[in-house]
Participant: 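First, the structure itself, so that you have it in front of you.
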Amino acid sequence: MSRIGVFLCHCGTNIAATVDMTRLAEATKELPGVVYVEENKYMCSEPGQQAVKQSIIDRGIDRIVIASCSPRMHELTFRKMLTDTSVNPYMLEIANIREQCSWVHKDKEAGTKKAIDLVRMAVAKVDRNAPLFTSEIPITKRALVIGGGIAGIQAALDIADAGFPVTLVEKEPSIGGKMVMLDKTFPTMDCSACICAPKMNDVGAHPNIEIMSLSEVEEVTGYVGNFTVTIRQKAKYIDYDLCTGCGLCEQKCPSKVTSEYERGLAKRKAVYKPFAQAVPSKPIIDAKNCRKFTEDRCGVCEKLCTVNAIRFDDEDKLVTLEYGAVIIATGYELIDWTSLYGEYGAGAYPDVIDGLTFERIINASGPTEGHIVRPSDGKEPKTVVMIKCVGSRDPHKGKAYCSRACCMYGAKHAHQFLDKIADGECYVFYMDVRAMGKGYDEFYMNTLQDGATYIRGRVAKIYPEGDKYICIGEDTISSKIVTVSADLVVLDTAMEPQESADAIGRLFGVSRDLDGWLTEAHPKLRPVETNTAGVYLAGTAQGPKDIPDCVAQASAAAAKVIGMFCLKALESNPMISVVDEINCRGCGDCVDVCPYKAIAMETVERRENSVWVTRDIAVINSGLCQGCGACTASCKSSALDLLGFTNEQILQEVDALCL
């Protein structure tokens with residue numbers, strides 16, 4: 001017969017203020033199988049845990065119920081506590097009387113009644129619990145980092161510096177991401193390239209890091225510690241093993257096309273490096289614009305290459321490697337405002353540009369060498385209008401969320417404009433200013449002192465008049481219509497997820513929120529982890545961030561990976577689905593609903609009623625299964641059950657609630 005011990009946590013006054021703990025204790029003592037009940041102010045504390053251990057010794061308790069906060073908060077804490085006792089760690093149930101009870105009830109009578117019901121259900125369930133045991137999973141101590149922006153760079157360097165090999169996959173020809181396109185970074189106004197390029201070079205020179213540029217992840221199988229990943233390395237048409245990066249082919253190439261890196265403000269060759277500090281510091285051939293591919297003529301690069309590195313017959317390659325952990329750092333894109341904001345010209349006005357295009361204009365290594373000019377005619381603008389929250393905090397046209405960095409990079413742009421054009425005027429239309437980082441508010445105040453005019457309100461319309469752009473908006477403080485005649489308009493546009501993030505999320509079983517950002521396992525307690533074990537998030541793959549937050553999260557994700565790699569082996573999760581092969585019909589519905597790709601159909605031959613038959617049955621990959629239970633709910637033949645939450649256990653809880 002079960003000997004159940006129940007421990008009631010006051011959680012200070014979090015629970016005790018809304019639940020009559022004495023009444024709860026008395027009601028609990030009457031439950032079948034309960035041999036001991038104890039109250040404690042803080043069960044998760046060292047004295048609280050010691051009380052449980054001592055009670056197991058003194059009273060021979062073999063099952064534990066702890067009525068406290070959410071199991072997400074401290075279930076692992078209490079399981080670790082039980083590893084030092086005679087009680088199996090999975091003979092434990094948490095009755096959540098804080099989040100599900102005291103925090104949602106103001107009436108103490110209602111809160112107490114609900115707490116009694118929750119504890120009764122937990123006692124009924126633990127009475128049907130069975131010991132579960134973990135097993136060891138070997139670890140492939142190599143990490144995959146997807147995305148070569150500043151977050152991916154930092155994560156790769158941290159892991160590599162710890163002595164573990166890393167593959168850094170970047171879909172563009174060079175690592176660096178958006179940060180390398182910037183002129184300066186707020187609030188310190190450091191040269192962006194000066195702090196980013198050395199890290200890029202460190203990655204390129206690190207013996208533990210392999211850079212796969214112009215590459216994308218195509219297929220993923222396996223589970224934590226043992227992922228098998230297929231990567232497509234797109235054809236570069238240049239043999240990097242031979243290429244010295246001398247740049248002669250790029251200089252002599254006659255084909256010129258619009259530069260993506262320069263945001264359409266300059267041209268590049270068909271043989272090109274995106275920018276001077278690119279890593280790898282070797283060019284690729286743009287087959288779509290190369291005359292050799294489009295017209296079967298030219299071939300100047302091949303004739304001039306002194307090391308014979310040109311390979312016009314190059315093809316995509318598929319590389320399959322084993323990894324123990326994955327960090328997703330796919331970054332962001334700026335929202336396409338041209339398809340959303342017709343009132344701003346929808347992209348038809350050449351001098352209405354986004355913030356990243358302005359970055360290339362003011363950048364010393366940009367097409368104008370840092371001289372602020374209008375894209376349309378090359379003249380120096382004297383009046384600039386900057387509009388914040390274009391696409392952000394606008395659920396009707398753009399995104400409902402705040403893009404976080406826009407207020408500050410708008411202030412930075414205003415500061416840089418007024419610094420370079422002494423007699424210039426800068427008007428900033430804003431909803432409100434969110435300066436929430438270290439030194440940010442001071443930086444914003446300095447921009448005001450520089451002479452920037454902040455107007456609280458949105459711009460309703462922009463239209464050309466001569467060589468000017470008339471911006472009409474409302475000052476919501478004075479309730480007056482404001483009209484500004486501008487030479488240049490800069491839109492601080494919203495961040496949105498990279499287009500590739502959706503596919504990457506599906507490959508690794510990482511969910512996405514309504515806006516498409518990859519979601520973490522828990523926003524407070526597990527901010528860099530995902531619900532797929534061994535897969536972590538860094539930077540703006542998870543949501544809008546500034547550079548310091550991206551770097552901090554990248555190092556946090558790297559620390560998780562390093563911590564895993566320092567283990568000899570991983571401990572498996574025993575609370576997984578199991579298949580009753582006799583009842584399994586082989587319909588495959590469970591395969592379709594499993595978000596972690598942990599179920600596959602397997603053909604087996606077995607003897608049934610003296611006849612050998614061939615059948616399809618579901619097979620669970622214990623390394624991939626996360627115990628979500630989706631398959632058990634979808635199984636029409638009740639052939640699937642979830643250890644720790646079996647049908648019998650759940651029904652026992654329901655019966656207890658209906659008493």
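Residues take their numbers from the sequence shown, with the count starting at 1.
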Participant: Mind listing the closest non-hydrogen atom pair of L640 and S577 along with its distance?
Facilitator: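 In terms of heavy atoms, the two residues are closest at CD2-CB, 4.4 Å.
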Participant: Can you tell me if N621 uses its side chain to pair, donor with acceptor, with the backbone of G222 under 3.5 Å?
Facilitator: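 No.
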Participant: Compare every heavy atom of G264 with every heavy atom of T258, then report the nearest pair and how far apart it is.
Facilitator: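 Closest pair (atom of T258, atom of G264, distance): CG2-CA, 3.4 Å.
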Participant: Which residues satisfy the ring-ring contact (aromatic ring centres under 6.0 Å, His included) test with Y440, sequence neighbours excluded?
Facilitator: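 Partners of Y440 by the ring-ring contact (aromatic ring centres under 6.0 Å, His included) criterion, ordered by chain and then number, come out as F186.
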Participant: Using a 6.0 Å distance limit plus a 45 degree cone around the ring axis, check whether K141 lies over the aromatic ring of F565.
Facilitator: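 Judged by the rule, K141 and F565 form no cation-pi pair.
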Participant: As a quick check of understanding, evaluate salt bridge (charged side-chain N to carboxylate O under 4.0 Å, His left out) for R360 and E262, giving each step before the final call.
Facilitator: CA-CA 6 Å; R360 297 312 303 155; E262 299 295 356; 3.0 Å; yes
Participant: Enter the distance from F164:CZ to I139:CD1 here, rounded to the nearest 0.5 Å.
Facilitator: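 Atom-to-atom, F164:CZ and I139:CD1 are 9.0 Å apart.
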Participant: On a heavy-atom basis, which atom in Y240 and which in K282 lie closest, and how many Å separate them?
Facilitator: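 Heavy-atom minimum between the residues: O-NZ, 2.6 Å.
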Participant: Going by atom types only, do E359 and H413 share a side-chain donor-acceptor pair under 3.5 Å?
Facilitator: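 Side-chain D/A pair, E359 to H413: present.
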Participant: Do L168 and M212 have side chains that get closer than 4.5 Å, going by heavy atoms?
Facilitator: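 No, side chains not in contact.
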Participant: Using 4.0 Å as the upper bound for N to carboxylate O, is an ion pair formed by E218 and R232?
Facilitator: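 Judged by the 4.0 Å cut-off on N to carboxylate O distance, R232 and E218 do form a salt bridge.
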Participant: Which value, rounded to the nearest 0.5 Å, describes the distance between C631 atom SG and I620 atom CD1?
Facilitator: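 It comes to 5.0 Å.
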Participant: Please tell me if the side chains of E216 and V169 come closer than 4.5 Å, counting only heavy atoms from C-beta onward.
Facilitator: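 Not touching, per the 4.5 Å side-chain cut-off.
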Participant: What is the minimum heavy-atom distance between A598 and L624, and which atoms define it?
Facilitator: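 So the two residues come closest at CB-CB, 3.6 Å.
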Participant: Once rounded to the nearest 0.5 Å, what's the spacing between atom SG of C196 and atom CE of M179?
Facilitator: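 Rounded to the nearest 0.5 Å, the SG-CE separation comes out at 5.0 Å.
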Participant: Should we count CG of L318 as having more than 12 external heavy atoms under 6.0 Å?
Facilitator: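 Yes, the 6.0 Å shell around CG holds more than 12 heavy atoms from other groups.
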Participant: Any side-chain to backbone donor/acceptor pair from R512 onto V510? Under 3.5 Å, distance only.
Facilitator: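 Yes, because the side chain of R512 sits within donor-acceptor range (under 3.5 Å) of the backbone of V510.
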Participant: Salt bridge check: are K234 and D316 linked by an N-O gap of less than 4.0 Å?
Facilitator: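 Not counted as a salt bridge, because no side-chain N and carboxylate O are separated by less than 4.0 Å.
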Participant: Rounded to the nearest 0.5 Å, how far does CD1 of I547 lie from CG of L182?
Facilitator: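 One finds 5.5 Å between CG of L182 and CD1 of I547.
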Participant: Please check if any side-chain donor atom of S555 sits under 3.5 Å from a side-chain acceptor atom of D158, or the reverse.
Facilitator: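 Note: S555 and D158 side chains meet the donor-acceptor criterion.
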Participant: Within a strict 4.5 Å, meaning less than it, do heavy atoms of the V578 and L643 side chains meet?
Facilitator: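 Heavy-atom side-chain distance check passes, below 4.5 Å.
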Participant: Supply the atom-to-atom distance Q626 CD to M575 CE, rounded to the nearest 0.5 angstrom.
Facilitator: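 So the CD of Q626 and the CE of M575 are separated by 12.5 Å.
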Participant: Go through the steps for T134 and S572 under the test side chain to side chain donor-acceptor pair (under 3.5 Å), then give the verdict.
Facilitator: CA-CA 5 Å; T134 61; S572 66; 5.3 Å; no
Participant: I'd like to know whether K236 forms a salt bridge (charged side-chain N to carboxylate O under 4.0 Å, His left out) with D239, so could you lay out the CA-CA distance, the side-chain angles of the two residues, the decisive distance to 0.1 Å, and finally the verdict.
Facilitator: CA-CA 8 Å; K236 301 180 178 71; D239 187 337; over 6 Å; no
Participant: Could you walk me through whether K267 and V257 pass the side-chain contact (heavy atoms from CB on, under 4.5 Å) check?
Facilitator: CA-CA 5 Å; K267 299 287 186 178; V257 296; 5.8 Å; no
Participant: Any chance the side chains of T330 and S500 put a donor and an acceptor closer than 3.5 Å?
Facilitator: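 No, S500 and T330 have no side-chain donor paired with an acceptor closer than 3.5 Å.
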Participant: For residues Y261 and F275, establish whether the separation of their ring centroids is below 6.0 Å.
Facilitator: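 Centroid separation for Y261 and F275: below 6.0 Å.
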Participant: Enter the distance from L356:CG to I361:CD1 here, rounded to the nearest 0.5 Å.
Facilitator: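 Answer for the CG-CD1 pair, L356 versus I361, is 11.0 Å.
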Participant: Which heavy atom of P497 sits nearest a heavy atom of D515, and at what distance?
Facilitator: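 Heavy atoms only, the tightest pair is CG-O, 3.5 Å.
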Participant: Check whether any side-chain heavy atom of C406 sits under 4.5 Å from a side-chain heavy atom of C389, and report yes or no.
Facilitator: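 Counting from C-beta outward, C406 and C389 never come under 4.5 Å.
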Participant: Can you find a side-chain donor-acceptor pair between E322 and T140 that sits under 3.5 Å?
Facilitator: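 The answer is no; no qualifying pair exists.
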Participant: Do any N or O atoms from the side chain of E170 and from the backbone of E172 form a donor-acceptor pair under 3.5 angstrom?
Facilitator: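 Yes; at least one donor-acceptor contact below 3.5 Å.
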Participant: Give a yes or no on whether a salt bridge exists between E333 and K178, defined as a side-chain N under 4.0 angstrom from a carboxylate O.
Facilitator: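 Judged by the 4.0 Å cut-off on N to carboxylate O distance, E333 and K178 do form a salt bridge.
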Participant: side-chain contact (heavy atoms from CB on, under 4.5 Å) for T540 and C550? Distances and angles first, verdict last.
Facilitator: CA-CA 7 Å; T540 52; C550 285; 3.9 Å; yes
Participant: Under 3.5 Å, is there a donor-acceptor pair between the S511 and T519 side chains?
Facilitator: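 There is such a pair (donor and acceptor under 3.5 Å, judged by atom type) between the side chains of S511 and T519.
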Participant: Do the side-chain N and O atoms of K545 and Q542 include a donor-acceptor pair separated by under 3.5 angstrom?
Facilitator: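 Side chains of K545 and Q542: pair found under 3.5 Å.
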Participant: By the definition side chain to side chain contact (heavy atoms under 4.5 Å, CB included), identify the one residue from V217, I504, L144 that meets it with I328.
Facilitator: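 Option passing the side chain to side chain contact (heavy atoms under 4.5 Å, CB included) with I328: I504.
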Participant: Step through it carefully: locate the ring centre of Y596, locate the ring centre of Y223, and say whether they are under 6.0 Å apart.
Facilitator: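 No - the distance between ring centres of Y596 and Y223 does not fall below the 6.0 Å cut-off.
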Participant: Any side-chain heavy atom of L537 sitting closer than 4.5 Å to one from I327?
Facilitator: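 Side chain of L537 against side chain of I327, heavy atoms only: no contact under 4.5 Å found.
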Participant: Decide if the gap between the ring center of F227 and the ring center of Y323 is smaller than 6.0 angstrom.
Facilitator: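 F227 vs Y323: aromatic centres not under 6.0 Å.
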Participant: Verify the ring-centre separation between Y90 and F133: is it less than 6.0 angstrom?
Facilitator: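 Aromatic pair excluded; centres sit 6.0 Å or further apart.
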Participant: How would you list, by chain and number, every residue that makes a ring-ring contact (aromatic ring centres under 6.0 Å, His included) with Y332, sequence neighbours excluded?
Facilitator: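 Listed in chain order: nothing, the list is empty.
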Participant: Would T185 and S192 count as a side chain to side chain donor-acceptor pair (under 3.5 Å) if you check the C-alpha gap in whole Å, the side-chain angles of each, and the deciding distance to 0.1 Å?
Facilitator: CA-CA 6 Å; T185 61; S192 185; 6.0 Å; no
Participant: Does a side-chain N-to-carboxylate-O contact under 4.0 Å join E250 and K273?
Facilitator: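 Between K273 and E250 there is no salt bridge, as every charged N stays at least 4.0 Å from the carboxylate O atoms.
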Participant: Check whether the side chains of D183 and Q416 place a donor and an acceptor atom closer than 3.5 Å, and report yes or no.
Facilitator: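 Yes, because at least one side-chain N or O of D183 sits under 3.5 Å from a partner of the opposite role on Q416.
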Participant: Evaluate the side-chain proximity of C44 to C69: yes if any heavy-atom separation is below 4.5 Å, no if none is.
Facilitator: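 A side-chain contact is absent here, since even the closest heavy-atom pair is not under 4.5 Å.
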Participant: Is there a side-chain contact (heavy atoms from CB on, under 4.5 Å) between I335 and D354? Walk through the geometry before answering.
Facilitator: CA-CA 10 Å; I335 195 169; D354 63 32; over 6 Å; no
Participant: Sub-3.5 Å donor-acceptor pair from the side chain of S215 to the main-chain atoms of K171, do we have one?
Facilitator: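 Side chain of S215 to backbone of K171, a donor-acceptor pair under 3.5 Å: no, none is there.
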Participant: Would you call E302-R311 a salt bridge at under 4.0 Å N-O?
Facilitator: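 Judged by the 4.0 Å cut-off on N to carboxylate O distance, E302 and R311 do not form a salt bridge.
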Participant: Can you tell me if CD on E260 sees more than 12 non-hydrogen neighbours from other groups inside 6.0 Å?
Facilitator: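 Counting neighbours around CD of E260, more than 12 heavy atoms of other residues, nucleotides or ligands fall under 6.0 Å, so yes.
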Participant: Hey, are the side chains of M564 and V224 touching, using non-hydrogen atoms and a 4.5 Å cut-off?
Facilitator: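 The answer is yes; the side chains approach within 4.5 Å.
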Participant: Is there a side-chain contact between M408 and K412 (heavy atoms, below 4.5 Å)?
Facilitator: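 A side-chain contact is absent here, since even the closest heavy-atom pair is not under 4.5 Å.
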Participant: Would you name the heavy atoms of L642 and I576 that are closest together and state the gap between them?
Facilitator: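 Where L642 meets I576 most closely, the heavy atoms are CD1-C, 3.4 Å.
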Participant: Do Q251 and K269 meet the criterion of a side-chain donor-acceptor pair at a distance under 3.5 Å?
Facilitator: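 Their side chains do not contain a donor-acceptor pair, so the 3.5 Å distance test is not met.
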